[in-house]
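Report on the following structure.
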Amino acid sequence: MDLRHLRYFLCVAEEMHFGRAALRLGISQPPLSQQIRALEEELGVQLFERTSRRVALTEVGRLFVPEAKATLVQAERAAQTARLAQMGQIGHLSLGFTASGPFVPRVAGALHTFRQSFPNVELTLLELGRDEQIDAVERRQLDVAIVRGFDQPYLPDGLISVPLIEEEMFLAIRQDHRLAQQSGNPSIEDLKGEPMVLYSAIIGAGFNEHFFALCETAGFRPIIAQEAGSLATLLGLVAAGFGATILAQSLTRLHIDNLAYRSLATPVISRLWLVHRHDLSPTSLMFKQRILAVDGDEESSPSTASIG
């Protein structure tokens, strides 16, 4: 059924005059009469009683009026929904991120801006390891992933990565540890013989391998005292004296009792990457535009967090 026929019908029903209705619609009267006839033939009913002096709705026509109005309202609602979805203003966005992601100003700023700009987009956030995120994006379980890696991540066909930020890695240790109290910044070589607390293999994918390689270059194999399944556990174990750990500068904003953060004598640079499919959804595109537009100056500034 042509929606234009419904609009013509309702206009005639309101005016009860074909001439006035045609004038209001901006068409001549004969085409209007033909369109109403076509609608009646399509429905197999008579909507108007016509005489040389008057036009009146039939009983069928009177019952058809509210239904025709409701159909036009719903059609406009559907069209508006499609337009908003195309602009990324409604819909769903599933976003994966590494544990340090929310502490990075660019990421936090993009999330805030996106929520403010698109309050009607349903946002699902998942904290996952690098490989889990990439697999979820490939399977279309995630729209966008924010992964950490020292190098550009290896991706399957159909996925691309965009660099977001670079930041130094810091050593996290108890305040009373010798490396926290020495005058100079500690080096990777200083970690020889020191117990280390690292993320589990799944969560620490990419980072753990790179850290092991740094240690091997320095001439030793690290001692892994404990593996942690979450950021809270990682920092808690370090603060409790189970060992030292290496983490991103953005995490040094966290205030943990008995925990000290020290930059490394030779900087170790980590990167955040935005990973998504080539065929971005409208909501994914809106998020990508915002995270790339956020001012990134703050990422390179030293942390001012005090240690409690």
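Within a 6.0 Å sphere centred on CZ of Phe220, other residues, nucleotides and ligands contribute more than 12 heavy atoms. Under a cut-off of 6.0 angstrom, the local environment of NE2 in His92 is crowded, with over 12 non-hydrogen atoms contributed by other residues, nucleotides or ligands. Within a 6.0 Å radius of CD in Glu76, other residues, nucleotides and ligands contribute more than 12 heavy atoms.
Aromatic pair Phe170/Tyr261: centroids not less than 6.0 angstrom apart.
Side chain of Thr81 to backbone of Arg77: a donor-acceptor contact under 3.5 angstrom is found. Counting only distance, with no hydrogens or angles, the side chain of Arg262 and the backbone of Leu171 share no donor-acceptor pair below 3.5 Å. Not a single donor-acceptor pair under 3.5 Å links the side chain of Gln35 to the backbone N or O of Leu32. At distances below 3.5 Å, not a single donor-acceptor pair connects side-chain atoms of Arg140 with backbone N or O atoms of Ala136. With Thr233 contributing its side chain and Gly229 its backbone, the two residues share no donor-acceptor pair below 3.5 Å. Put simply, the side chain of Thr98 never gets that close to the backbone of Gly101: no donor and acceptor are under 3.5 Å apart. Arg62 places a side-chain N or O within 3.5 Å of a backbone atom of Leu57 that can act as its donor or acceptor partner. Judged by distance alone, the side chain of Thr245 and the main-chain N or O of Ala172 form no donor-acceptor pair under 3.5 Å. Formation of a donor-acceptor pair under 3.5 Å by the Gln226 side chain with backbone atoms of Phe242 is not found in this model. Proximity of a side-chain donor or acceptor of Asp135 to a complementary backbone N or O of Glu132 within less than 3.5 Å is not detected.
In this structure, Phe150 and Phe207 have parallel ring planes: the angle between them is below the 30° cut-off, well short of the 60° mark.
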- Message: Applying side-chain contact (heavy atoms from CB on, under 4.5 Å) to Leu126 and Phe97, what does each step give before you reach the verdict?
- Response: CA-CA 6 Å; Leu126 294 172; Phe97 56 88; 5.8 Å; no
- Walk me through it: do Leu280 and Phe287 pass the test side-chain contact (heavy atoms from CB on, under 4.5 Å)? CA-CA 10 Å; Leu280 275 173; Phe287 180 78; over 6 Å; no
- Message: Set out, in order, the CA-CA distance, both residues' side-chain angles and the distance that settles side-chain contact (heavy atoms from CB on, under 4.5 Å) for Val121 and Gln89, then state yes or no.
- Response: CA-CA 6 Å; Val121 172; Gln89 295 187 9; 5.8 Å; no
- Task: With side-chain contact (heavy atoms from CB on, under 4.5 Å) as the test, would you mind laying out the steps for His5 and Glu42 before giving the verdict?
- Result: CA-CA 10 Å; His5 289 168; Glu42 181 179 0; 4.2 Å; yes
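With a 4.5 Å cut-off on side-chain heavy atoms, Tyr8 and Ile36 count as touching. Side-chain contact between His276 and Ile160 is present, with heavy atoms from C-beta onward closer than 4.5 Å. Within the 4.5 Å cutoff, the side chain of Met16 has no heavy atoms near those of the Val12 side chain. Side-chain contact between Leu231 and Phe103 is present, with at least one heavy-atom pair separated by less than 4.5 Å. Side-chain contact between Asp131 and Val147 is absent, with no heavy-atom pair separated by less than 4.5 Å. Counting only heavy atoms from C-beta outward, the side chains of Thr58 and Phe48 never approach each other to under 4.5 Å. His278 has its side chain out of reach of Leu159: every pair of non-hydrogen atoms, C-beta onward, lies at least 4.5 Å apart. Residues Leu93 and Glu122 are not in side-chain contact: their nearest non-hydrogen atoms beyond the backbone lie 4.5 Å or more apart.
Contact between Leu142 and Gly96 at its shortest, heavy atoms only, is CD2-N, 3.7 Å. The heavy-atom pair separating Ala239 from Ile256 by the smallest distance is CB-CG2, 4.0 Å. Taking all atoms of both residues into account, the shortest heavy-atom contact from Gly88 to Thr283 is O-CG2, 3.7 Å. Of all the heavy atoms in Ser200 and Asn208, the pair that sits closest is O-ND2, 3.8 Å. For the pair Ser270 and Met169, the tightest heavy-atom approach, listed with the atom from each and the gap, is CB-SD, 3.3 Å. Here the closest heavy-atom approach between residue Pro282 and residue Ala85 is recorded as CB-O, 3.2 Å.
Counted by atom type alone, Ser250 and Glu167 present one or more donor-acceptor pairs between their side chains at under 3.5 Å. Under the 3.5 Å distance criterion, with hydrogens and angles disregarded, a donor-acceptor pair is assigned to the side chains of Ser161 and Gln152. Side chain to side chain, Ser263 and Asn185 meet the donor-acceptor criterion of an N or O pair below 3.5 Å. For the residue pair Gln34 / Arg37, no side-chain donor-acceptor distance below 3.5 Å is found, with atom types taken as modelled. Checked by atom type, the side-chain pair Gln133/Arg130 shows no donor-acceptor distance below 3.5 Å.
Residues in residues 13-35 take part in these salt bridge (Lys or Arg N to Asp or Glu O under 4.0 Å) pairs, two or more places apart or across chains: Glu14-Arg24, Glu15-Arg20, Glu15-Arg24. The salt bridge (Lys or Arg N to Asp or Glu O under 4.0 Å) pairs that include a residue from residues 201-222 number zero, where partners must be two or more places apart or lie in different chains.
No salt bridge links Arg148 with Glu166; every basic N to acidic carboxylate O contact stays at or beyond 4.0 Å. Salt bridge status for Arg277 with Asp157: absent, with no side-chain N to carboxylate O gap under 4.0 Å.
Residues Val137 and Leu95 do not share a hydrophobic cluster, clusters being chains of Ile/Leu/Val/Met/Phe/Trp/Tyr side chains in contact below 4.5 Å. Under the 4.5 Å side-chain heavy-atom criterion for grouping Ile, Leu, Val, Met, Phe, Trp and Tyr, Val238 is not connected to Leu198 through any hydrophobic cluster. Cluster annotation: Ile188 and Phe212 are assigned to the same hydrophobic cluster (Ile/Leu/Val/Met/Phe/Trp/Tyr, side-chain heavy-atom contacts under 4.5 Å, transitive). Hydrophobic cluster membership differs between Val275 and Leu164, with clusters built from Ile, Leu, Val, Met, Phe, Trp and Tyr side chains linked at under 4.5 angstrom. In the hydrophobic clustering of ILVMFWY residues, with side-chain heavy atoms under 4.5 Å counting as a link, Ile246 and Leu179 come out together.
Residue Ile173 holds its CD1 atom at 9.5 Å from CG of Asp190, rounded to the nearest 0.5 Å. Between the CD1 atom of Ile146 and the CD atom of Glu127 there is a distance of 12.0 Å, given to the nearest 0.5 Å. Of the inter-residue distances, the one linking Ile269 atom CD1 with Asp151 atom CG reads 12.0 Å to the nearest 0.5 angstrom. Here the CG-CG distance, from Leu235 to Asn258, works out to 12.5 Å after rounding to the nearest 0.5 Å. A distance of 11.0 Å separates OG of Ser117 from CD of Gln289, quoted to the nearest 0.5 Å. Glu227 CD to Leu234 CG: the interatomic distance, rounded to the nearest 0.5 Å, is 11.0 Å.
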